[in-house]
Protein chains: 2
Amino acid sequence: MLKADFPVENSDPRAAIADFFANLHLGEISTRTLDSLGAQGRLLHARKGEDIPLHAGHDTVAFICEGATKLIATASRQREQIVAFHFRGDLVSIPQSGEHAYSMKALRDSGAVLFAAEAFLKIARDDPGLLEAMLIRTQTALYRCRDKAVALGKKSAQERMASFLMIMAERIGTREGGGCLLDLPMSRRDIGDSLGLTIETVSRQIGELRELGLAETDGRSRIFLPDLKTLSIYTGHV
Amino acid sequence: MLKADFPVENSDPRAAIADFFANLHLGEISTRTLDSLGAQGRLLHARKGEDIPLHAGHDTVAFICEGATKLIATASRQREQIVAFHFRGDLVSIPQSGEHAYSMKALRDSGAVLFAAEAFLKIARDDPGLLEAMLIRTQTALYRCRDKAVALGKKSAQERMASFLMIMAERIGTREGGGCLLDLPMSRRDIGDSLGLTIETVSRQIGELRELGLAETDGRSRIFLPDLKTLSIYTGHV
DNA sequence: TTCGTTCTTTGACCCAGATCAATGATCGTG
DNA sequence: CACGATCATTGATCTGGGTCAAAGAACGAA
């Protein structure tokens with residue numbers, strides 16, 4: 001099991017990769033491709049809060065095998081925009097150079113397989129299925145990022161909060177009675193840094209949704225959404 | 001010539017596609033792939049301000065052959081977030097269904113070849129080079145979108161304006177003396193809808209940059225940036 | 001060139017959400 | 001299970017950029 005014995009810094013990634021593909025509907029994977037990926041990938045585990053070190057000097061491709069992570073773009077000291085959250089089964093690509101510096105941190109104990117993007121692409125070049133899977137995943141990431149841009153550019157604090165909860169409900173929620181139960185791995189600060197808001201505003205917006213009967217909180221991380229239908233009205237979509 | 005006789009709604013896209021690949025360093029393209037693309041693609045021209053109709057009911061892939069376009073996500077009536085600007089040589093993928101409705105408009109007289117994403121992918125599946133080109137382009141779009149998310153989430157109006165000008169300088173600017181000359185195809189409203197600001201704020205920020213000696217305007221569209229180095233300090237990056 | 005329309009600039013004022021400041025809840029640890 | 005540290009909530013106040021309003025430029029058409 002991936003989570004068995006932290007901290008593990010390096011072991012054979014082949015099994016993790018096979019698992020990743022087998023469980024996550026990324027389609028068939030040939031033994032040859034698996035061997036190549038196993039040889040190039042670096043499996044590593046990070047405890048909650050720890051940094052997941054990216055390939056220095058190279059673009060990185062990461063498979064998230066287990067846990068939950070945040071991808072952070074640092075605009076300048078003390079201004080960190082969370083660009084995406086990732087969960088089990090997500091595939092992330094991170095540029096080395098560009099406008100901003102990126103880093104990745106574990107929100108829970110997490111496992112990931114990292115590749116230098118170049119090496120990964122070299123393998124994918126010989127396996128159209130892998131290349132296509134990668135393309136589809138990248139498109140999904142792009143579409144999500146565009147949605148985030150709309151939220152950050154055009155939505156009120158309440159709309160952002162409602163959208164965030166709806167997205168999380170879809171990605172990691174569990175149906176519970178008529179509603180949806182969330183166990184959020186990220187802090188209020190993380191939510192704020194993702195939505196372009198402060199922790200205080202996040203807290204106030206959750207408070208308002210609570211008063212509207214659309215969210216029930218339990219501790220720091222559990223949120224129950226009794227009525228997704230009504231909540232969706234508050235997202236500011238058409 | 002693409003711009004010869006507007007409005008042209010449909011003609012053989014094969015030549016346009018060949019041109020697109022030949023001029024824009026998308027690598028080699030086989031005759032077979034070109035034939036397939038030619039058979040599936042819809043070449044269309046749009047005058048300044050016109051809508052570029054996307055495939056209804058399908059995800060769309062678009063090659064921008066000529067001109068300049070904006071990709072708009074509509075959150076709700078009267079709230080349009082411009083998700084990206086595209087120029088000659090850009091490759092755009094647009095989802096049909098998702099959180100928001102997307103549309104594409106020409107900022108100048110423009111030519112584009114459109115594909116139903118499914119049909120395009122089917123062709124690309126037999127041409128790993130094309131698939132890889134598509135992947136690279138999609139990654140570029142993702143990286144740009146993340147930069148936009150950082151701007152929208154964490155930057156002040158002035159920083160967004162400076163970043164915008166720097167990005168445009170890189171994409172469509174022409175070096176002129178020690179500085180850079182821009183002929184922006186988009187209106188102040190477009191800039192505002194792209195940066196999450198109002199036209200008034202955009203105008204005021206340009207005014208401030210003018211007073212700082214970092215921008216000289218001439219008419220609505222021409223902006224000369226005499227000192228990119230200093231301007232970059234105002235972008236809010238590290 | 002002139003006219004009319006549309007786009008841009010500038011000014012006055014306002015508000016959503018940031019900032020500052022406590023207080024209260026939660027949870028990991030010994 | 002009690003302590004300390006971190007995280008979340010709530011309240012008071014401030015401000016960057018939005019909104020409203022009115023000139024003033026720029027461009028297209030005739």
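Any value given below was found using the heavy atoms of this structure, including those in side chains, with hydrogens, waters and symmetry copies removed. A note on names: the letters A, B, ... follow the listed sequences, proteins ahead of strands, and every chain is numbered from 1.
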- line: In B:V202, B:L197, B:T201, the residue satisfying side-chain contact (heavy atoms from CB on, under 4.5 Å) with B:R160 is B:L197
Test applied, side-chain contact (heavy atoms from CB on, under 4.5 Å); reference residue, B:I82; option that passes from B:D193, B:I191, B:L195, B:L71: B:D193
message: How would you summarise protein contacts on nucleotides 18-28 of chain D per nucleotide, using B for base, S for sugar-phosphate only and - for none, with heavy-atom distances below 4.0 Å?
response: SBB----BBS-
query: Are the side chains of A:D190 and A:P185 in touch, meaning some heavy atoms are under 4.5 Å apart?
result: no
Beyond-backbone contact of B:I52 with B:L114, side-chain heavy atoms, under 4.5 angstrom: yes
Within the supplied structure, the quantity of interest is the number of heavy atoms (other residues, nucleotides, ligands) at a distance under 6.0 Å from [X] [atom1]; does it exceed 12?
| X | atom1 | result |
| --- | --- | --- |
| A:R189 | CZ | no |
| B:H55 | NE2 | yes |
| B:Y234 | OH | no |

query: In residues 69-79 of chain A, what residues come within less than 4.0 Å of DNA chain C, judged by heavy atoms?
result: none
message: Below 4.0 Å from chain A heavy atoms, what is the first contacting nucleotide of DNA chain C and what is the last?
response: C:dG17 to C:dC27
CA sep, side-chain torsions, deciding dist, call: B:E159, A:R79, salt bridge (Lys or Arg N to Asp or Glu O under 4.0 Å): CA-CA 13 Å; B:E159 289 169 338; A:R79 285 202 296 181; 2.8 Å; yes
Spacing of A:R188 atom CZ relative to D:dT10 atom P, expressed in whole Å: 11 Å
field: Euclidean distance, atom CD1 of residue A:I206 to atom P of D:dC7 [Å, nearest integer]
entry: 15 Å
Partner set under ring pair (Phe, Tyr, Trp, His ring centres under 6.0 Å) for B:H237, not counting sequence neighbours: A:H100
message: Angle between the end axes of the helix from C:dT1-D:dA30 to C:dG30-D:dC1, five pairs per end, to the nearest 10 degrees?
response: 60°
message: Closer than 4.0 angstrom, basic N to acidic O: yes or no for B:D90 and B:R171?
response: yes
message: Between B:D51 and B:K105, does any side-chain N to carboxylate O distance fall below 4.0 Å?
response: yes
field: Exercise: do A:K155 and A:T235 side chains pair donor with acceptor under 3.5 Å
entry: no
message: I need the full list of ring-ring contact (aromatic ring centres under 6.0 Å, His included) pairs touching residues 69-97 of chain A, with sequence neighbours left out, sorted by first then second residue.
response: none
